[in-house]
Number of protein chains: 2
Amino acid sequence: MPAALDFYFDFSSPYGFIGSEKIEALAARHGRKVAWHPVLLGVVFKQTGSVPLTQVPLKGDYSKRDFARSARFHGVTAFLMPTVFPISTQAPARIVVWLQRTKPEMAAGVLHALYRAFFVDDIDISNPDRASAIAGQCAGDAAAARAAIDDPAIKDALRLENDKAIAAGVFGSPFVIVDGEPFWGVDRFEQVERWLATGGW
Amino acid sequence: MPAALDFYFDFSSPYGFIGSEKIEALAARHGRKVAWHPVLLGVVFKQTGSVPLTQVPLKGDYSKRDFARSARFHGVTAFLMPTVFPISTQAPARIVVWLQRTKPEMAAGVLHALYRAFFVDDIDISNPDRASAIAGQCAGDAAAARAAIDDPAIKDALRLENDKAIAAGVFGSPFVIVDGEPFWGVDRFEQVERWLATGGW
């Protein structure tokens, strides 16, 4: 079995959302699975000196237009720009990290539900109660999800995952690593696809 | 005759170079011409607070890898990262602006020669003598090109072009505007192509 694709994403990233809707089918076309890695880009941005795209003069207006256009281009037709944006993503990221450690078979489903809640249904998933309610609908235990968000062990686990992502060179979302080769952006998925098909060029 | 595609680029931009090698064929497939717009991103970056990609922690190393990989992906196989990078691009940009006003039929050929000199042959085209020598090889008059670089009227003309680009929302390279729709990056060329084919989605 070839190695899984490492897919790094921030729950506040529109391009990450688009990528999350595409990556499993892409991986499956090449006999691969996806290893999901929620990251907190705020921490990464401190190192790169970046700010959220939408807050940059000139780039901000373009970006909002490009998010929606790129979503439609990639067939993700339900995309809507959230009212509150960007958001802190500790709550949903910790839920995923918790599930990966306790009910790994549930993690991807909950992750998609959280991402869609934010970018389709305009639910502010930075709110721990809302995020854990969504996890509860999919994985059956909202109270446990809510407790996980405040669990020091889960906080530490996410921090460690984030440090590992930064050490692996991750600085944006989505970020895919294929057999050691890094690809930043849903606009590199065509390259990811060719890399999987050919082993590089 | 449908309107030309507006193609904005900075001579120091690797993705701009890749785009410059692809845009004419892309436009021609849809019965379009290309209107070339050299811009000085340094001026734009002051407004957006951006710095050259290669100078950003984490992103810098990735970018150098992505420049070369993307060039090969797009079939631009002669790409080499220049020794001196990034560079100031007043000299080549002024030569293009000057040709567009005096020998417009020569402008695209000289532009390609300048871009290839930098990204294929590692010639520092920020140097006015080198840039005008290349223009002379293609357009026959190096001395006139050299004089144009210092001509206050050409300096003003480029400044005006740059202001117009910023007013049109341009903040990166390459940047393509198709019938009013803006696309940033050679990684949006697939979208440009579909936009031309379908009129939008």
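Letters A, B, ... are given to chains in the order of the sequence lines, protein chains preceding strands, and every chain is numbered from 1.
Within a 6.0 Å radius of CH2 in A:Trp184, other residues, nucleotides and ligands contribute 12 heavy atoms or fewer.
With A:Tyr115 as the fixed residue, the ring-ring contact (aromatic ring centres under 6.0 Å, His included) test singles out one of A:Phe9, A:Tyr15, A:Trp36: A:Phe9.
When only modelled atom types and interatomic distance are considered, B:His112 and B:Glu24 share a side-chain donor-acceptor pair under 3.5 Å.
For B:Asp66, the part sitting under 4.5 Å from any heavy atom of chain A is the side chain, from C-beta outward, and nothing else. Proximity to chain A is absent for every atom of B:Phe189, based on heavy atoms less than 4.5 angstrom apart.
The six-membered or imidazole ring of A:Phe171 lies near that of B:Tyr62, with a centre-to-centre distance under 6.0 Å.
Most heavy-atom pairs under 4.5 Å with chain B, from the set A:Arg188, A:Glu190, A:Arg69, A:Arg194: that is A:Arg69. Note: A:Pro182 leads A:Pro182, A:Gly60, A:Gly185 in heavy-atom pairs under 4.5 Å with chain B.
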